[in-house]
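Just below is one structure, and these are the notes that go with it.
Quantities reported herein were computed from a predicted structural model and do not represent experimental measurements.
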Amino acid sequence: MEVIINDTKIKYEEGKIWSYYKWGKSKIKKWYIINGCIDKVSGYKRVCINYKSYRYHRVIFKIFNKNWDIEECSIFNLIDHIDRNILNNN
């Protein structure tokens, strides 16, 4: 499954988020794994897509729910971790 987030093609495969872009001065685009990091304040895993930071679980949800608005951050657009583990994105 692929989706466009912040003008970048993103996919979820093999339990990882992949991004399609050019690296450095290369003229060829290819798929790269986005590892992300843990936000020290919130404890959530975050990834950067085209220089914008997103919570990892929101990116995964967007990939599987293409019509969902990842940019809308109101109280009505929350994603619940069923097991209450903020690092479990399965």
Counting distance only, does the side-chain N/O of [X] pair as donor-acceptor with the main-chain N or O of [Y] below 3.5 Å?
{"X": "Asp39", "Y": "Tyr44", "answer": "no"}
{"X": "Lys62", "Y": "Trp68", "answer": "yes"}
{"X": "Arg58", "Y": "Ile70", "answer": "yes"}
{"X": "Asn50", "Y": "Asp7", "answer": "no"}

Inset, instruction - Using a strict cut-off of less than 4.0 Å between a Lys/Arg side-chain nitrogen and an Asp/Glu carboxylate oxygen, indicate whether Lys16 and Glu14 qualify as a salt bridge. - result: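 No, this pair does not count.
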Legend entry - Sequence-distant partners of Lys22, salt bridge (charged side-chain N to carboxylate O under 4.0 Å, His left out), two or more places apart: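 Not a single residue meets the salt bridge (charged side-chain N to carboxylate O under 4.0 Å, His left out) criterion with Lys22.
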Are [X] and [Y] grouped together when hydrophobic residues (ILVMFWY) are joined by side-chain heavy atoms under 4.5 angstrom apart?
{"X": "Ile33", "Y": "Trp23", "value": "no"}
{"X": "Tyr51", "Y": "Tyr21", "value": "no"}
{"X": "Val47", "Y": "Phe64", "value": "yes"}
{"X": "Val3", "Y": "Phe61", "value": "yes"}

Measure the [atom1]-[atom2] distance between [X] and [Y] for me, rounded to the nearest 0.5 Å.
{"X": "Ser42", "Y": "Lys45", "atom1": "OG", "atom2": "NZ", "value": "13.0 Å"}
{"X": "Glu13", "Y": "Ile63", "atom1": "CD", "atom2": "CD1", "value": "10.5 Å"}
{"X": "Asn6", "Y": "Glu71", "atom1": "CG", "atom2": "CD", "value": "6.5 Å"}

Inset, instruction - Check the angle between the aromatic planes of Trp31 and Tyr20 and answer parallel, tilted or perpendicular using the 30° and 60° thresholds. - result: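 If you compare the ring of Trp31 with that of Tyr20, the planes turn out tilted.
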Please name the pair of heavy atoms, one in [X] and one in [Y], separated by the smallest distance, quoted to 0.1 Å.
{"X": "Thr8", "Y": "Ser19", "result": "CG2-OG, 3.2 Å"}
{"X": "Lys66", "Y": "Glu2", "result": "NZ-O, 2.8 Å"}
{"X": "Tyr56", "Y": "Ile34", "result": "CE1-O, 4.3 Å"}

Inset, instruction - Start with the C-alpha gap between Ile4 and Ile10, add the side-chain angles, then the distance that decides, and say whether side-chain contact (heavy atoms from CB on, under 4.5 Å) holds. - result: CA-CA 6 Å; Ile4 303 294; Ile10 304 294; over 6 Å; no
Inset, instruction - May I ask you to check whether Tyr12 and Trp18 place their ring centres under 6.0 Å from each other? - result: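 Distance test on ring centres: not under 6.0 Å, no.
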